[in-house]
Amino acid sequence: MSSSSKRVTLLGSTGSIGTQALDVIRANPGRFQVVALSAQSNADLLIQQAREFRPAVVVIGDERKYETVKAALAGQSTEVLTGSAALTEVAGRPDTDIVLTAMVGYSGLLPTVAAIRAGKDIALANKETLVVAGQLITRLVQEHGVGLYPVDSEHSAIFQCLVGEERNPIEKIILTASGGPFRGRTAEQLASVTKAQALKHPNWDMGAKITIDSASLMNKGLEVIEAKWLFGLNDDQIDVVVHPQSIIHSLVQFQDGSLKAQLGLPDMKLPIQYALGYPERLPSDFPRFSFLDYPNLTFEQPDRATFRNLPLAFEAMRQGGNAPCVLNAANEIAVAAFLRDEIGFLEMPNLVESCLTKVSYLAEPSLDDYVLTDQETRRVAHELVGRR
């Protein structure tokens with residue numbers, strides 16, 4: 001292993017982003033060293049990854065699978081831990097340079113906080129961390145002088161467009177959205193869609209949670225809030241445009257009116273590699289984009305009246321405080337209920353809106369307040385699902 005290799009802790013190694021991140025690491029021998037891996041419940045794949053990359057430590061979130069993982073890795077020096085507290089502890093260990101947070105949802109918040117406090121650079125694929133506690137996270141990043149490198153394709157695009165533009169104020173950013181599988185459908189048509197239909201994204205291969213979020217446009221709403229904190233923007237500096245081909249990943253407009261965009265085929269490996277390798281652009285054999293293959297790139301306004309999650313996210317962002325935390329927790333419960341066939345597609349934004357009105361508002365929440373807000377919101381949301 002090269003002495004200059006970057007030591008990587010990968011939280012959420014068995015999910016879509018995690019497995020693609022390991023593809024990137026595999027394709028760049030000597031550039032990276034995996035020092036820690038974590039998974040919530042996919043013990044078999046975690047074991048397979050640990051045998052290949054031989055990290056110093058692995059964490060299996062599901063405590064029922066601890067003995068299975070420990071027994072399987074008994075022949076190597078990898079330490080095996082379990083539980084959420086272990087995950088937070090591992091995120092802050094000294095023997096790493098960058099922590100890639102690829103966990104899904106609120107669960108990424110506390111490990112990310114621990115990593116920042118330990119002075120680790122963050123490759124952020126867990127947008128919910130900034131949605132839930134953006135003000136706190138950005139303050140901690142500044143206090144501890146760490147790098148925060150976005151992995152979401154849209155935010156990576158903005159990040160790439162801003163390189164060399166440090167002295168030039170942003171007028172606004174434009175996040176692109178594919179529109180998901182239900183673009184152009186009416187509310188009447190959406191009332192009867194199934195989870196199988198919602199899980200078929202036209203352009204991206206993602207896990208179930210983010211795929212449903214994309215279909216409901218909540219994913220774009222969460223990305224709007226994430227962008228506010230990543231790039232230090234005001235609420236009115238963020239716009240969303242539907243771009244069905246997913247070739248232009250997002251745009252920045254500067255005060256002279258000039259627009260910069262980052263383009264490429266829909267492939268998460270590129271933003272993952274950019275975040276891990278920053279500030280260097282590493283060579284890759286990723287498929288190359290050709291304009292001749294895409295003679296027509298189209299754009300349209302999102303249908304905010306039908307896909308109500310997007311305006312709900314903008315409203316939560318404007319409210320600030322713990323409102324985005326409520327939005328996120330309510331949405332996680334709503335998506336889980338939809339995937340269990342307990343509520344319909346159009347009932348998801350109804351549930352989110354109800355929670356935003358019912359859960360106590362706090363203008364200046366602490367980290368403990370965010371934790372309590374998340375718990376209260378989940379309790380309220382579960383009650384609302386149970387009353388159906």
Side-chain angles (χ1 to χ4, degrees), residues 1-39 46 49-50 52-59 78-79 81 86-104 107-130 137-138 140-153 155-160 162-163 226 229-230 268-284:
M1 188 64 66
S2 165
S3 61
S4 62
S5 64
K6 194 176 286 189
R7 298 169 299 175
V8 180
T9 289
L10 177 45
L11 305 181
S13 64
T14 60
S16 175
I17 295 294
T19 54
Q20 291 179 85
L22 290 175
D23 286 341
V24 167
I25 290 169
R26 207 177 276 117
N28 289 274
R31 295 269 188 176
F32 304 104
Q33 176 189 359
V34 177
V35 295
L37 296 171
S38 85
L46 181 64
Q49 292 171 343
E52 177 182 358
F53 292 95
R54 306 188 77 81
V57 60
V58 299
V59 181
T78 299
E79 182 183 6
L81 301 173
L87 192 67
T88 300
E89 185 267 318
V90 165
R93 287 195 175 186
D95 62 342
T96 192
D97 301 308
I98 188 166
V99 178
L100 172 54
T101 59
M103 302 163 68
V104 177
S107 61
L109 175 62
L110 296 181
T112 305
V113 168
I116 294 170
R117 285 177 169 161
K120 308 304 174 187
D121 288 341
I122 305 294
L124 188 72
N126 175 252
K127 65 175 67 69
E128 291 86 354
T129 290
L130 281 177
I137 294 295
T138 49
L140 287 173
V141 164
Q142 204 164 21
E143 285 176 5
H144 294 276
V146 303
L148 184 61
Y149 309 125
V151 170
D152 266 350
S153 61
H155 302 87
S156 177
I158 302 298
F159 187 63
Q160 292 179 58
L162 290 175
V163 172
E226 181 184 10
W229 297 110
L230 270 174
M268 283 305 300
K269 288 179 189 174
L270 196 152
I272 292 168
Q273 179 168 296
Y274 188 76
L276 288 177
Y278 184 83
E280 189 178 354
R281 283 191 184 273
L282 303 178
S284 82

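All values below were derived from every heavy atom in this structure, side-chain atoms included, with hydrogens, water molecules and symmetry-related copies excluded.
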Applying side chain to side chain contact (heavy atoms under 4.5 Å, CB included) to Thr129 and Thr101, what does each step give before you reach the verdict?
CA-CA 9 Å; Thr129 290; Thr101 59; 5.6 Å; no
Stepwise side chain to side chain contact (heavy atoms under 4.5 Å, CB included) test for Leu37 and Leu22
CA-CA 10 Å; Leu37 296 171; Leu22 290 175; 4.3 Å; yes
Any chance you could lay out the side chain to side chain contact (heavy atoms under 4.5 Å, CB included) test for Phe32 and Leu282, step after step, and finish with the verdict?
CA-CA 12 Å; Phe32 304 104; Leu282 303 178; 3.8 Å; yes
List the steps, then state whether side chain to side chain contact (heavy atoms under 4.5 Å, CB included) holds for Leu109 with Ile137.
CA-CA 9 Å; Leu109 175 62; Ile137 294 295; 4.1 Å; yes
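Going from atom CE of Met103 over to atom OG1 of Thr112 covers 7.5 Å, rounded to the nearest 0.5 Å. Atoms CZ and CG, on Phe53 and Leu10 in that order, are 9.0 Å from each other to the nearest 0.5 Å. Put simply, CD1 on Ile98 and OH on Tyr149 are 6.5 Å apart, with the number rounded to the nearest 0.5 Å. Atom CG of Leu270 and atom OG of Ser156 lie 7.0 Å apart (nearest 0.5 Å). Taken to the nearest 0.5 Å, the NE2 atom of His155 stands 13.5 Å off from the CH2 atom of Trp229.
No side-chain donor from either of Thr138 and Gln142 sits under 3.5 Å from a side-chain acceptor of the other.
Counting only residues at least two apart or on different chains, the salt bridge (charged side-chain N to carboxylate O under 4.0 Å, His left out) pairs with a member in residues 12-26 are Asp23-Arg26, Asp23-Lys269, Arg26-Glu52.
A pairwise comparison of heavy atoms in Ala36 and Val90 identifies CB-CG1, 3.8 Å as the closest pair. Gly108 and Asn126 get closest at one heavy-atom pair: CA-OD1, 3.5 Å. The nearest pair of heavy atoms linking Gly30 to Ser5 is O-CB, 3.1 Å. The minimum heavy-atom distance between Ala21 and Leu100, with the atom names listed, is CB-CD2, 3.4 Å. Here the shortest heavy-atom pairing between Leu11 and Ser38 reads CA-OG, 3.3 Å. Gly147 and Asp121 get closest at one heavy-atom pair: N-OD1, 2.7 Å.
Proximity of Ser107 to Val104: side-chain heavy atoms (C-beta onward) are nowhere separated by under 4.5 Å. No side-chain heavy atom of Arg93 sits less than 4.5 Å from a side-chain heavy atom of Thr9. Glu226 is listed as a side-chain neighbour of Leu124, based on a closest heavy-atom distance under 4.5 Å. Between Leu230 and Leu148, some side-chain heavy-atom pair lies under the 4.5 Å cut-off. By the 4.5 Å heavy-atom criterion applied to side chains, Leu276 and Arg31 are not counted as neighbours.
Salt bridge status for Asp97 with Lys6: absent, with no side-chain N to carboxylate O gap under 4.0 Å.
For Lys120 (side chain) and Thr96 (main-chain N/O), a donor-acceptor pair under 3.5 Å exists by modelled atom type. Judged by distance alone, the side chain of Thr19 and the main-chain N or O of Ser16 form a donor-acceptor pair under 3.5 Å. For the pair Gln33 (side chain) and Val8 (backbone), a donor-acceptor distance under 3.5 Å is absent. At least one donor-acceptor pair under 3.5 Å links the side chain of Gln49 to the backbone N or O of Ser13. Judged by distance alone, with hydrogens and angles left aside, the side-chain atoms of Thr78 form no donor-acceptor pair with the main-chain N or O of Ala56 at under 3.5 Å.
Using cut-offs of 30° and 60° for the angle between ring planes, the Phe159 and Tyr274 rings count as perpendicular.
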